[in-house]
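Computation of the quantities below employed the complete heavy-atom set of this structure, encompassing side-chain atoms and omitting hydrogens, waters and symmetry-equivalent molecules.
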Amino acid sequence: MEKILAGIDRTKNFIGKTVKEQNPNIILEFCKNKGKTIGVKDSKEIDNKLIKKLLRNGYIWNTVDFSSDRGRAIDIRLLNPITSKVMTGSSSGTAINVLYGLNTVGIGTDGGGSVLGPAISLNLYSALLSGMGLKGKNKKKSTDEIVFTAGIGFITQNFVELEKILKIFYEESEKKLKKLVLSDTLEKEIGDKLKNNYEITIWKDRSLFSREELMIELNNIFQLGDVFIYVEKNIEVDGIGDSILGCLGDSGKTFQENSNKKFLKVFNMLDCTAITIPLKNIGSSIVIVTPKGKDGLKYVLEIGKILDYEYRPKLFQEYFLNYPLKRIDNRTFEILEEM
């Protein structure tokens, strides 16, 4: 509770940066309900019914979060706090507010990677529930002319909080998960955790880039198994995955391709359910994804529980995730620290 209350207080330092508005009654809500905090991306695609559902399940609403201009894949207003490069969009403010512990859960919209991308770029946990029917309201067209309706996703600091909020949307099923598809780029120790309990097919990574190619490839992968597991690695470390930048000649396209974004760009367009587990490498996560269907959330959580591990360094955890618990250096009140 100390971290939640401190996070609420520290939120004021982010207003006008990552936070568009803070609930003026948030302290009263906390005293009344002692709930975990949520931040909501500033998007009308997130229905009030969804927010009410979370509030009825014990969460309290702390912030409305800034996002990138018109859903752009990068947010030129914000810097990635880890790399100091331009922040991945479009749920950019939502992800940063979770990184710093201002909110326990961030809620964003994802057209072509706008929840999972920011989360992975900050080594956070995330989920997309498009495959469970959790979608926005309006159809849109991507920069590469693909029609879609935004999916709804969640960002957290750890698996415990991710599982907790996903359980609200969980549907029981007696169907058992049997077949997995693993990328050949997945580290052996990760695959070894799964090999004794499931039928496993190894998929050879072809380093595809275009959404059209990725959608075809992912559909083919789902013909081989119920769940696909791979790694999104070093996204936006060497490049920027922005279509506007990519349309500006060969150099722009190369810079876009060097962003290393893979299948996360098409999950929502194929109505997938997915979760991500951050690794120790910058901008890298294990991704567990399944096609549309009521069993999807059960499947990804089942595998997530097996693969979850705290890979991130202690320094990262202390500097970012525990930010609300760190005392602020202040000469005026220094004497209080000595008492």
Side-chain angles (χ1 to χ4, degrees), residues 1 3-4 7-8 11 23 26 29-30 33-43 45-65 91 93-110 114-120 122-136 150-173 264 267-268 272-278 285-290 294-305 307-308 310 321 324:
M1 291 301 172
K3 182 176 178 180
I4 297 171
I8 291 172
T11 296
N23 181 354
I26 187 62
E29 294 293 330
F30 177 80
N33 300 318
K34 299 295 190 295
K36 304 286 182 72
T37 51
I38 60 172
V40 180
K41 179 181 180 179
D42 185 24
S43 171
E45 295 298 308
I46 301 173
D47 198 288
N48 285 338
K49 292 180 181 178
L50 170 62
I51 299 174
K52 288 178 181 178
K53 187 172 186 175
L54 300 180
L55 299 181
R56 286 194 295 267
N57 278 273
Y59 290 93
I60 55 175
W61 189 359
N62 184 31
T63 64
V64 174
D65 307 320
S91 303
T94 300
I96 293 174
N97 293 339
V98 171
L99 176 71
Y100 279 106
L102 310 185
N103 294 315
T104 309
V105 180
I107 306 167
T109 60
D110 190 309
S114 292
V115 170
L116 304 189
I120 294 173
L122 298 182
N123 290 71
L124 295 169
Y125 288 75
S126 64
L128 177 68
L129 296 190
S130 297
M132 302 296 293
L134 204 61
K135 305 278 280 187
I152 307 299
F154 304 94
I155 302 173
T156 65
Q157 287 191 351
N158 56 61
F159 186 80
V160 171
E161 294 299 341
L162 187 67
E163 181 182 26
K164 179 181 177 183
I165 197 159
L166 294 183
K167 284 285 188 176
I168 296 173
F169 307 94
Y170 190 87
E171 294 185 23
E172 290 292 344
S173 171
L264 68 84
F267 288 162
N268 176 65
C272 296
T273 297
I275 64 173
T276 69
I277 298 173
S285 287
I286 300 168
V287 183
I288 306 164
V289 58
T290 188
K294 68 175 185 179
D295 301 310
L297 185 53
K298 172 188 174 182
Y299 288 170
V300 296
L301 284 176
E302 179 180 324
I303 300 301
K305 288 179 183 177
L307 298 185
D308 181 45
E310 185 50 86
L321 307 186

Open item on the list: Please determine whether the number of non-hydrogen atoms from other residues, nucleotides or ligands lying under 6.0 Å from atom NZ of K3 exceeds 12.
Closed with: yes
Task: M1 side chain near F30 side chain, heavy-atom distance below 4.5 Å - done: yes
Task: Test side chain to side chain contact (heavy atoms under 4.5 Å, CB included) applied to S126 and D110, V98, L116, the passing residue - done: L116
Task: Minimum heavy-atom distance A127-L162, with the two atoms named - done: CB-CD1, 3.8 Å
Task: Closest heavy-atom pair and its distance - W61, V40 - done: NE1-CG2, 3.4 Å
Task: Chi angles and distances behind the side chain to side chain contact (heavy atoms under 4.5 Å, CB included) call for L301, E163 - done: CA-CA 7 Å; L301 284 176; E163 181 182 26; 4.3 Å; yes
Open item on the list: Quick check: closest heavy atoms across Y59 and V105, and the distance to 0.1 Å?
Closed with: CE2-CG2, 4.0 Å
- [ ] Check for a donor-acceptor pair, side chain of K294 on one end and backbone N or O of E171 on the other, with a separation under 3.5 Å.
- [x] no
Task: Residue pair K41, T109: steps toward the side chain to side chain donor-acceptor pair (under 3.5 Å) verdict - done: CA-CA 7 Å; K41 179 181 180 179; T109 60; 2.7 Å; yes
Task: Check: L124 and L321 side chains under 4.5 Å, non-hydrogen atoms - done: yes
TODO: Kindly compute the distance separating OG1 (T273) from NZ (K298), expressed to the nearest 0.5 Å.
DONE: 14.0 Å
- [ ] Under the salt bridge (charged side-chain N to carboxylate O under 4.0 Å, His left out) rule, collect the residues that match up with D42, sequence neighbours excluded.
- [x] K20
Task: Side-chain donor or acceptor of D65 paired with backbone N/O of G93 under 3.5 Å - done: no
Open item on the list: Do I38 and N103 make a side-chain contact, defined as non-hydrogen atoms from C-beta onward lying under 4.5 Å apart?
Closed with: no
Open item on the list: Within the 4.5 Å heavy-atom criterion, are L54 and I107 side-chain neighbours or not?
Closed with: yes
TODO: Specify the closest pair of heavy atoms between G39 and T94, including all atoms of both residues, with the distance to one decimal.
DONE: O-CG2, 4.3 Å
TODO: Please confirm whether the backbone N or O of S91 pairs with a side-chain atom of S114, one donor and one acceptor, at under 3.5 Å?
DONE: no
Task: Shortest non-hydrogen contact between P324 and G7, atoms and distance - done: CB-N, 3.6 Å
Open item on the list: Do I96 and L122 make a side-chain contact, defined as non-hydrogen atoms from C-beta onward lying under 4.5 Å apart?
Closed with: yes
TODO: Kindly give the heavy-atom pair with the smallest separation between I152 and I46, and that separation in Å.
DONE: CD1-CG1, 4.1 Å
- [ ] Please say whether more than 12 non-hydrogen atoms of neighbouring residues, nucleotides or ligands are located less than 6.0 Å from NZ in K52.
- [x] no
TODO: Check the pair N23, I60 against side chain to side chain contact (heavy atoms under 4.5 Å, CB included), reporting the backbone distance first and the verdict last.
DONE: CA-CA 10 Å; N23 181 354; I60 55 175; over 6 Å; no
- [ ] Kindly compute the distance separating NZ (K36) from OG1 (T156), expressed to the nearest 0.5 Å.
- [x] 10.5 Å
- [ ] Supply the atom-to-atom distance L166 CG to L129 CG, rounded to the nearest 0.5 angstrom.
- [x] 5.5 Å
Open item on the list: Between S285 (side chain only) and V287 (backbone N and O only), is there a donor and an acceptor less than 3.5 Å apart?
Closed with: no
Task: Reported CG-to-CG distance for the pair L134 and D47, which is rounded to 0.5 angstrom - done: 9.5 Å
Task: Minimum side-chain heavy-atom gap Y125-I277 below 4.5 Å - done: yes
Open item on the list: Just to verify, which of I288, V289, T290 counts as forming a side chain to side chain contact (heavy atoms under 4.5 Å, CB included) with Y299?
Closed with: T290
TODO: Nearest 0.5 Å please: distance from the CG atom of L307 over to the CD1 atom of I275.
DONE: 8.5 Å
Open item on the list: Can you tell me how far apart CG (L264) and OG1 (T276) are? Round to the nearest 0.5 Å.
Closed with: 9.5 Å
Open item on the list: In the structure I gave you, are the side-chain heavy atoms of N268 and K135 within less than 4.5 Å of one another anywhere?
Closed with: yes
TODO: Side-chain contact test, heavy atoms from C-beta onward, threshold under 4.5 Å: evaluate it for K305 versus F159 and give yes or no.
DONE: yes
Task: Whether N97 side chain and L102 backbone form a donor-acceptor pair below 3.5 Å - done: no
- [ ] For side chain to side chain contact (heavy atoms under 4.5 Å, CB included), just list the numbers for F169 and L50, CA-CA rounded to whole Å, side-chain angles, deciding distance to a tenth of an Å, and then say yes or no.
- [x] CA-CA 10 Å; F169 307 94; L50 170 62; 3.5 Å; yes
